[in-house]
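Please see the structure below; I have some questions.
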Amino acid sequence: MRVLLIGSDTSLGLALTAHLQRWGRHELETVSMTSSRWKSERHAKKVVRRSNSDIVIDARIEGAIDSGELITELDTDRCHWLAKSCQRNGGCYLLVSSARVFAGDAGRLYREDDTPDNSETVGQLLARAEELVRSTCPRHLVLRLGPVFSARGVNVLSHMLEQLMAGGQLVLNNQQRGGPIESVDAARVVAGIIDQLSAGAEAWGTYHYCSPDATNCYEFAEVLFACASQFSEFSADAVQLAAADAPEIINRSLHCGRIRNTFAIKQVPWRGFVADAVRDYFYHRQ
């Protein structure tokens with residue numbers, strides 16, 4: 001299968017590139033975040049047409065959100081342009097979205113058919129991007145993920161480790177919960193979907209994937225703290241973690257039954273990836 005990956009330098013994009021190149025099952029062409037900041041539909045259309053791809057994987061918006069970058073209406077317009085190009089060329093379009101389409105106050109796991117209800121700007125823009133894709137390209141998949149962390153790229157792990165390295169007191173929210181995903185695991189999920197589409201699966205629609213063991217910012221930082229304490233570059237005595245209670249619990253954990261039942265993709269706990277991710281982080285700092 002010919003794969004065009006948009007956002008190849010995001011945390012997920014880097015992991016997916018490595019995964020696809022290692023297994024060699026598909027032809028891969030990549031476009032970085034900078035190169036995908038098109039100003040007009042014509043530019044996006046040209047990239048898709050020249051790639052002659054069977055599937056476009058769009059990791060731009062998820063990567064921007066997880067890195068703390070603001071997204072705009074132009075980002076959602078680019079989703080629309082890509083979806084239109086895929087529809088014209090007979091290809092399929094996989095938009096990597098985020099659990100942040102939801103407000104987090106449902107008191108249960110969010111299902112694929114739940115209506116996006118996050119009133120924040122990021123939630124509204126994500127919902128708009130998803131709806132544009134659904135209405136434009138029949139052969140589409142929307143994959144909502146929990147927060148993606150990695151030793152590479154800019155994400156929650158790199159943000160927290162930088163703060164831990166700086167020392168002092170780190171105050172973290174213990175009321176905001178979700179199911180984080182290591183980038184290697186997220187790449188496994190996307191690659192598994194591509195493999196089955198290449199084998200003839202016609203499973204279009206919306207899917208969820210996140211870690212089965214929900215956590216909050218404070219607990220996640222505690223695990224990073226324990227792993228980072230093993231490295232000489234990190235001084236555990238210089239850091240103090242503190243939990244900050246928020247007015248209400250926000251839980252954006254996702255129900256992942258549909259992706260399991262359709263693609264036989266099972267959830268994997270995030271904690272098993274942290275030690276390797278922290279070790280790789282300090283290795284790349286050398």
Taking atom types as modelled, is there a side-chain donor on Glu130 or Ser97 under 3.5 Å from an acceptor on the other?
->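 Checked: Glu130/Ser97 side chains pair up, N/O donor to acceptor below 3.5 Å.
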Answer yes if Leu14 and Ile61 sit in the same cluster of Ile, Leu, Val, Met, Phe, Trp and Tyr residues linked by side chain heavy atoms under 4.5 Å apart, and no otherwise.
->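 Different clusters: Leu14 never reaches Ile61 through Ile, Leu, Val, Met, Phe, Trp or Tyr contacts under 4.5 Å.
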Residue pair Arg271, Val223: steps toward the side chain to side chain contact (heavy atoms under 4.5 Å, CB included) verdict | CA-CA 8 Å; Arg271 293 174 187 269; Val223 176; 3.3 Å; yes
Closest heavy-atom pair and its distance - Tyr110, His208 |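 Shortest heavy-atom contact: O-ND1, 3.1 Å.
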Check: Arg42 and Trp81 side chains under 4.5 Å, non-hydrogen atoms =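 They are not in side-chain contact.
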Can a salt bridge be assigned to the pair Arg152 and Asp9 using a cut-off of 4.0 Å between side-chain N and carboxylate O?
->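 No, no charged N to carboxylate O under 4.0 Å.
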Members besides Leu70 in its Ile/Leu/Val/Met/Phe/Trp/Tyr cluster (side-chain heavy atoms under 4.5 Å) =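 None; Leu70 is a cluster of one.
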Distance-only polar pair, side chains of Ser253 and Arg108, donor-acceptor under 3.5 Å =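 No donor-acceptor contact under 3.5 Å links the two side chains.
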Atom CZ of Arg258 and atom OH of Tyr207: how far apart are they, to the nearest 0.5 Å?
->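 That separation rounds to 7.0 Å.
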Path from Met165 to Leu170 over hydrophobic side-chain contacts below 4.5 Å |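 Yes, Met165 and Leu170 fall within the same hydrophobic cluster.
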Positive for side chain to side chain contact (heavy atoms under 4.5 Å, CB included) with Ser51, one of Glu27, Glu29, Lys46 |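 Answer to the side chain to side chain contact (heavy atoms under 4.5 Å, CB included) test with Ser51 among Glu27, Glu29, Lys46: Glu29.
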Identify the heavy atoms of Ser36 and Arg60 that sit nearest to each other, and give their distance.
->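 Closest heavy-atom pair between Ser36 and Arg60: OG-CD, 3.4 Å.
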Shortest non-hydrogen contact from Ile181 to Ala186?
->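 Minimum heavy-atom separation between Ile181 and Ala186: CG2-N, 3.8 Å.
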Check ion pair Glu112-Arg144 (N to O, under 4.0 angstrom) =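 Salt bridge flag = no for Arg144 with Glu112.
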Close side-chain approach of Leu95 to Leu141, heavy-atom, < 4.5 Å =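 The answer is no, as the side chains (C-beta and beyond) never meet within the 4.5 Å cut-off.
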Pairing of Arg128 and Glu73 as salt bridge, 4.0 angstrom limit =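 A salt bridge is absent here (no side-chain N lies under 4.0 Å from a carboxylate O).
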Exercise: identify the closest heavy-atom pair between Ala64 and Ile71 =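 Heavy-atom minimum between the residues: CB-CG2, 3.8 Å.
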Is the closest side-chain heavy-atom distance between Gln175 and Ile250 below 4.5 Å?
->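 Gln175 vs Ile250: side chains apart.
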Do any N or O atoms from the side chain of His284 and from the backbone of Tyr281 form a donor-acceptor pair under 3.5 angstrom?
->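 No.
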Which residue, Leu28, Leu12, Leu94, forms the side chain to side chain contact (heavy atoms under 4.5 Å, CB included) with Ile57?
->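 Checked Leu28, Leu12, Leu94 against Ile57; only one passes side chain to side chain contact (heavy atoms under 4.5 Å, CB included): Leu94.
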Atom OG1 of Thr76 and atom CG of Leu126: how far apart are they, to the nearest 0.5 Å?
->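 So the OG1 of Thr76 and the CG of Leu126 are separated by 9.5 Å.
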Would you say the side chains of Tyr218 and Asn173 form a donor-acceptor pair under 3.5 Å?
->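 Asn173 and Tyr218 do not have a side-chain donor-acceptor pair below 3.5 Å.
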Mind checking whether Cys217 and Met160 have side chains closer than 4.5 Å, heavy atoms only?
->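 Result yes, sub-4.5 Å side-chain heavy-atom pair found.
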Would you give the length of the straight line joining atom OH of Tyr93 to atom CD of Gln87, rounded to the nearest 0.5 angstrom?
->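 Tyr93 atom OH to Gln87 atom CD measures 14.0 Å (nearest 0.5 Å).
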Taking 4.0 angstrom as the limit, do Arg111 and Asp114 come out as a salt bridge?
->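 No, this pair does not count.
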Within the distance-only criterion (no hydrogens, no angle test), does the side chain of Glu182 pair as donor or acceptor with the backbone N or O of Val184 below 3.5 angstrom?
->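 Side chain of Glu182 to backbone of Val184, a donor-acceptor pair under 3.5 Å: yes, one is there.
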Taking NZ, NE, NH1 and NH2 as the nitrogens, is one of them in Lys84 or Glu41 under 4.0 Å from a carboxylate oxygen of the other?
->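 So Lys84 pairs with Glu41 through a salt bridge.
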Is Val148 linked to Leu20 within one hydrophobic cluster, defined over Ile, Leu, Val, Met, Phe, Trp and Tyr using a side-chain heavy-atom separation of less than 4.5 Å?
->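 Yes, Val148 and Leu20 fall within the same hydrophobic cluster.
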Per the side chain to side chain contact (heavy atoms under 4.5 Å, CB included) rule, which among Val96, Leu254, Val190, Asp185 passes with Leu145?
->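 Answer to the side chain to side chain contact (heavy atoms under 4.5 Å, CB included) test with Leu145 among Val96, Leu254, Val190, Asp185: Val96.
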Hydrophobic cluster identity match, Val133 and Ile65, side-chain contacts under 4.5 Å =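 Looking at the clustering, Ile65 is in a separate group from Val133.
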Any donor-acceptor pair under 3.5 Å linking the side chain of Gln196 with the backbone of Phe263?
->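 Yes; at least one donor-acceptor contact below 3.5 Å.
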Do the side chain of Ser211 and the main chain of Trp270 share a donor and acceptor less than 3.5 angstrom apart?
->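 Flag set: sc Ser211 to bb Trp270 pair under 3.5 Å.
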Hey, do the aromatic rings of Phe220 and Phe149 have their centres closer than 6.0 Å?
->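 Yes - the distance between ring centres of Phe220 and Phe149 falls below the 6.0 Å cut-off.
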Would you mind reporting whether Arg134 and Trp204 have side-chain heavy atoms less than 4.5 Å apart?
->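 No, too far: nothing below the 4.5 Å cut-off.
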His26/Asp195 under side-chain hydrogen bond (donor to acceptor under 3.5 Å, both in side chains): CA gap, chis, key distance, verdict = CA-CA 9 Å; His26 309 283; Asp195 287 345; 2.7 Å; yes
Out of curiosity, Asp66 CG to Ser98 OG, how far, rounded to the nearest 0.5 Å?
->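 The CG atom of Asp66 sits 6.0 Å away from the OG atom of Ser98.
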Answer yes or no: is there a side-chain heavy-atom contact under 4.5 Å between Pro180 and Thr215?
->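 Pro180 reaches Thr215 side chain to side chain.
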For Cys86 and Cys92, which heavy atoms make the closest approach, and how far apart are they?
->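 Looks like SG-O, 3.8 Å.
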Is there a path of hydrophobic side-chain contacts, each under 4.5 Å between heavy atoms of I, L, V, M, F, W or Y residues, that connects Val142 with Val189?
->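 No: no chain of side-chain contacts under 4.5 Å links Val142 to Val189.
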Determine, step by step, whether Val122 and Val101 satisfy the side chain to side chain contact (heavy atoms under 4.5 Å, CB included) criterion, reporting the C-alpha distance in whole Å, the side-chain angles of both residues, the deciding distance to 0.1 Å, and the verdict.
-> CA-CA 8 Å; Val122 63; Val101 295; over 6 Å; no
Return yes if some donor-acceptor pair links the side-chain N/O of Thr262 with the main-chain N/O of Ile259 below 3.5 Å, else return no.
->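 No, because the side chain of Thr262 does not come within donor-acceptor range (under 3.5 Å) of the backbone of Ile259.
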Please confirm whether the backbone N or O of Val31 pairs with a side-chain atom of Ser35, one donor and one acceptor, at under 3.5 Å?
->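 Checked: no pair found.
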Side chains of Cys79 and Leu82: closer than 4.5 Å at any heavy-atom pair?
->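 Cys79 does not reach Leu82 side chain to side chain.
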State, with a plain yes or no, whether a side-chain heavy atom of Arg252 is found less than 4.5 Å away from one of Gln176.
->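 The answer is yes; the side chains approach within 4.5 Å.
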Closest approach of Gly90 and Arg139, non-hydrogen atoms and distance?
->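 Between these two residues, the closest heavy atoms are O-NH1, 2.8 Å.
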Look up atom NZ in Lys45 and atom CZ in Arg50, then write down how far apart they are to the nearest 0.5 Å.
->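 Nearest 0.5 Å value for the NZ-CZ distance: 12.5 Å.
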Whether Asn118 side chain and Glu120 backbone form a donor-acceptor pair below 3.5 Å =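 Yes, Asn118 side chain to Glu120 backbone: donor-acceptor pair under 3.5 Å.
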Do Arg188 and Tyr209 have side-chain N/O donor and acceptor atoms under 3.5 Å apart?
->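 Short answer, yes.
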Got a donor-acceptor contact below 3.5 angstrom from the Asp280 side chain to the Ala277 backbone?
->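 Checked: no pair found.
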Polar contact flag, side-chain donor to acceptor under 3.5 angstrom, Asn155-Ser11 |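 The criterion, which ignores hydrogens and geometry beyond distance, is satisfied for Ser11 and Asn155.
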Nearest-0.5 Å distance that lies between atom CZ in Arg2 and atom CG in Asp54 |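 Result: 4.0 Å between the selected atoms.
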